Amino acid sequence: MLFNSYIFIFIFLPVALIGWYGLNRYGRYQLASLFLAGMSLWFYGYFNVKYLAIILCSIGMNYALSYLLTKIPTSRTEKETVVSNEKAHLPLLNRLGLLSGIILNLGILFYFKYYDFFIENINLAFHTDFNLKHILLPLGISFFTFQQLSFIIDRALGRCEHYSFLNYLTFVTFFPQLIAGPIVLYKEMIPQFEDNSRRRFDAAFFARGIYLFVLGLAKKVLLADTFGLMANYGFAQTFSLDSISTIIVILSYTFELYFDFSGYSDMAIGLGRMFHIELPINFNSPYRSCSIKEFWQRWHITLSRFFVTYVYIPLGGSKKGKARMLLNTFIIFLLSGLWHGAAWTYVAWGAMQGLLVVWDNLGIIGIQGREEKRPSRFHIPPWLGWIFTFSLFNLSLFFFRSESMLGAIQLFKNLFAGQYTGKIYEVAAQLDISEIYIIRQALDIAAPSMVNHIYLLFMFVLFAFSFFLIFRRNAYERATNNELTSGKCWGICILFVWCVISLSQVSTFLYFNF
C-alpha cells in the first residue's frame, strides 16, 4: 500500500487512527497495540501477501534469539563486562548470540537481495553455470533487517533489555517507517509505545502531522513524479542524448530523488505524529550542503547513524590512526552503496562517495566560516563549496540511476562530448501534464510551432522553483517552528485537494527499490 493512494488516504489511515485512539481511550492498551501491529501488517501485506511470511519469520527468529539471551546465566563481573561493550572479552554465550544475530539477519538479507548478484559474478569469474533463482525482493527488507540487527547486537552486548513480544512487534512493523525508513532504534520507539500519555489524542501534534503529511505528499505527487517523467525518458535514451540533454536528464533525476525521499520522510514523520509518535529526522535539506561530508550528515541520516554505530566504530573508528580512519570511512560507503542495490553501479556510486568523503577528511580544503575539528590548508567560500558538492553528487548519480556500468560510462561520454542535437526538446516534451493542458490545447490551435517552446519554458520554471525550494526552510522546520495559522491551513487544504486530483498517476517511492 502506498502513502500516495486513495485506499491509504481514505480507508486505511482513518480506520487505523480511529481504532488506535478509540481503543486507547477506553484503556485497552494491549489491544490497541495489537490492532496497530495488525494494521501495519495489512499495510505491508497489501503489496504481496507472501511478504508477510518473510517479515513474521524474521521478527519471530530475532525475538526468540533475544529471549534466549535472557536465559544466559551470568555473574556480576560478566554483566559488567557485557555492559562495558568490550566485545573481545564478551562471555562466550553472548558472543555466540551476537554472531547468531548477525548471521541470521544478514543471511536473510543476502538470500533475497544479493543471491543472484553473487551467483552472476561467480559464473562470470569462474565460467560456471549455476542457476539464478530470480528472487523477488521483499519490500522494506533492507530497512526492517537493519532495524532488528541493531536491536539484537545491542541485546548481545547488554545495552538493552528484552521487551514484550507485542511491543517488539509494534516497534518493527509500525507502518509509517516500515517500507523506506527511517531506520529507527528500539530505544527511541519502544519507550513511546510504553508511555500511556502518548496514547491520548493531542490536537496540536495531530495538526502538525497532517501539515507534514500533506507537504510530503505534494513533494511526491506534484514535483518528484513530474521530474520522473523526464528522468525515466532520458535514461531510456542514454545512447542518444547530447551534452545539454544529459545535464537536463541528470538534474531531473536529482530533483526526482530529492523530492521523492524528502516527501516520503515528511509523510512518515507526519503519520507518526498523527499517532502521537515521534520518528527521527531522516532528511535535512542535503542539497544545501557545502561539502560531501556535510551532505551525508543531512541525507538518510538514520542509515549513516547505523553504519557509524555498528560498522565504523567496531572497525576502530578514528582511534587507530588517520589512515585506518580513512579506510574505515571508505568501507562504510562501499557497504552503503551495496545496501542500496545488488549491482556494480551501486558499488561504484558508493566508492565515489567514499573517496569524496575521504578527501574531505584529509582536511586539505575547508569552507570559510565553518568550524572544523582539523584546520584546513586552504579555504573556499561556501557558494563554491556548494557548486562542487552539488555537481559531484549529480555526477555520482550517473552510476546510481543507470541500469549498467556501460550506461553510466555512456552518460559521462555524452556529457563531455560537447554535442547538441536538440534532444532537449524531446525531454521537455515529457512534461505533458494535466496542469498545462489548457495552455497546450490553446497553442495547438493558435500557434502549434510554439508548443515545444512552452514545454521548454515550463521545464526551466520547474527547475528554478525547485532550486528556490531547497534553500527555503524545509517542511520539518516549518511544522516545528511555525504556528499553523488559518491561512496556512487553507493552503494545506488546497494543496491536499490538488494532490488527490493528481493521484490518478500513482507511482511508488524510489527507496522502495532499496
Side-chain angles (χ1 to χ4, degrees), residues 113-114 116-121 123-125 132 134 136-137 142 180 224-261 286-287 292 295-296 299-300 303 330 333-357 388-421 423-424 426-428 430 459 463 466 507-514:
K113 191 169 184 176
Y114 302 104
D116 277 1
F117 176 65
F118 178 76
I119 294 300
E120 282 179 349
N121 284 282
N123 288 340
L124 182 64
L132 303 179
H134 302 291
L136 185 64
L137 179 66
S142 298
D225 288 352
T226 301
F227 279 115
L229 297 172
M230 293 189 291
N232 293 337
Y233 176 82
F235 277 95
Q237 305 286 324
T238 295
F239 291 89
S240 63
L241 297 176
D242 58 24
S243 298
I244 300 299
S245 59
T246 298
I247 294 173
I248 296 301
V249 167
I250 197 60
L251 281 175
S252 298
Y253 182 65
T254 294
F255 283 116
E256 180 194 9
L257 185 62
Y258 182 92
F259 289 119
D260 188 278
F261 194 32
Y287 284 2
I292 292 293
F295 180 94
W296 283 106
W299 183 290
H300 213 328
L303 178 64
F330 185 73
F333 277 97
L334 272 183
L335 293 175
S336 175
L338 195 58
W339 178 89
H340 280 86
W344 286 112
T345 50
Y346 289 113
V347 175
W349 173 80
M352 183 173 176
Q353 295 299 315
L355 290 173
L356 291 172
V357 174
F388 284 139
T389 301
F390 186 75
S391 300
L392 289 170
F393 182 72
N394 274 270
L395 290 175
S396 76
L397 292 181
F398 285 170
F399 296 111
F400 194 82
R401 177 60 175 80
S402 295
E403 296 294 330
S404 66
M405 290 294 291
L406 185 64
I409 293 171
Q410 181 62 44
L411 287 171
F412 282 102
K413 290 180 179 179
N414 295 343
L415 180 64
F416 297 108
Q419 295 179 343
Y420 176 74
T421 62
K423 191 76 173 180
I424 186 175
E426 291 183 29
V427 176
Q430 304 309 306
M459 180 188 74
F463 278 128
S466 300
S507 64
T508 59
F509 291 90
L510 295 178
Y511 263 75
F512 281 19
N513 299 318
F514 307 141

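Remember, it's a predicted structure, so these values are computed and weren't measured experimentally. In this chain, numbering begins with 1 at the start of the sequence shown.
How far CD1 of Ile244 is from OG1 of Thr421: 10.0 Å, rounded to the nearest 0.5 Å. A distance of 12.5 Å separates OG1 of Thr238 from CD1 of Ile409, quoted to the nearest 0.5 Å. To the nearest 0.5 angstrom, Ser252 atom OG is 12.0 Å from Leu397 atom CG. Atom CD in Glu426 sits 7.0 Å away from atom CD in Gln237 (nearest 0.5 Å). Between the CG atom of Leu137 and the OG atom of Ser142 there is a distance of 6.5 Å, given to the nearest 0.5 Å. Remark: Leu355 CG to Leu392 CG distance equals 11.5 Å, nearest 0.5 Å.
Taking the six-membered ring where the residue is Trp, His300 and His340 present perpendicular rings, their angle passing 60° and hence far from 30°. Classified by interplanar angle (parallel below 30°, tilted 30° to 60°, perpendicular above 60°), the ring pair Phe255/Tyr287 is perpendicular.
Aromatic rings of Trp349 and Phe398 (six-membered ring for Trp) have centroids beyond the 6.0 Å cut-off, not under it. Aromatic pair Phe463/Phe227: centroids less than 6.0 angstrom apart. For an aromatic pair to be called close, the ring centres must be under 6.0 Å apart, and Phe399 with Tyr346 fails this.
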**OP:** Give the intermediate values and the outcome of side-chain contact (heavy atoms from CB on, under 4.5 Å) for residues Asn232 and Arg401.
**Re:** CA-CA 10 Å; Asn232 293 337; Arg401 177 60 175 80; 3.1 Å; yes
**OP:** Using the side-chain contact (heavy atoms from CB on, under 4.5 Å) rule, take Ile292 and Trp296 through it: C-alpha gap first, then chi angles, then the decisive distance, then the call.
**Re:** CA-CA 6 Å; Ile292 292 293; Trp296 283 106; 3.7 Å; yes
Original post:
Ile424 and Met459: side-chain contact (heavy atoms from CB on, under 4.5 Å), yes or no, with the steps?
Top reply: CA-CA 10 Å; Ile424 186 175; Met459 180 188 74; 4.0 Å; yes
**OP:** Evaluate the criterion side-chain contact (heavy atoms from CB on, under 4.5 Å) for residue pair Leu395 and Leu415; output intermediate values, then yes/no.
**Re:** CA-CA 10 Å; Leu395 290 175; Leu415 180 64; 3.5 Å; yes
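Contact annotation: the side chain of Leu257 approaches that of Tyr253 to within less than 4.5 Å [non-hydrogen atoms, C-beta and beyond]. Phe393 is not listed as a side-chain neighbour of Pro286, based on a closest heavy-atom distance of 4.5 Å or more. Considering only heavy atoms from C-beta on, Trp344 comes within 4.5 Å of Asn121 through its side chain.
Heavy atoms of other residues, nucleotides or ligands lying less than 6.0 angstrom from CZ of Phe388 number 12 at most.
Side chain of Ser243 to backbone of Gly418: a donor-acceptor contact under 3.5 angstrom is found.
Contact between Ser402 and Leu411 at its shortest, heavy atoms only, is OG-CD1, 3.5 Å. Scanning all heavy atoms of the two residues, the minimum distance from Leu241 to Lys423 falls at CD2-CG, 4.0 Å. Residue Ala224 comes nearest to Glu256 through the heavy atom pair O-CG, 3.3 Å, listed as atom of the first residue, atom of the second, then distance. Here the shortest heavy-atom pairing between Phe117 and Ala342 reads CD1-O, 3.5 Å. Between Leu338 and Tyr114, the closest heavy-atom pair is O-OH, 2.7 Å.
Inspection of the Gln353 and Ser336 side chains reveals no N or O donor paired with an N or O acceptor under 3.5 Å.
When the side-chain hydrogen bond (donor to acceptor under 3.5 Å, both in side chains) test is applied to Asp116, no partner is found at least two apart in sequence or on another chain. The ring pair (Phe, Tyr, Trp, His ring centres under 6.0 Å) check on Phe118 picks up Phe110, with sequence neighbours excluded. Remark: Thr254 pairs with Asn394 by the side-chain hydrogen bond (donor to acceptor under 3.5 Å, both in side chains) rule, at least two apart or across chains.
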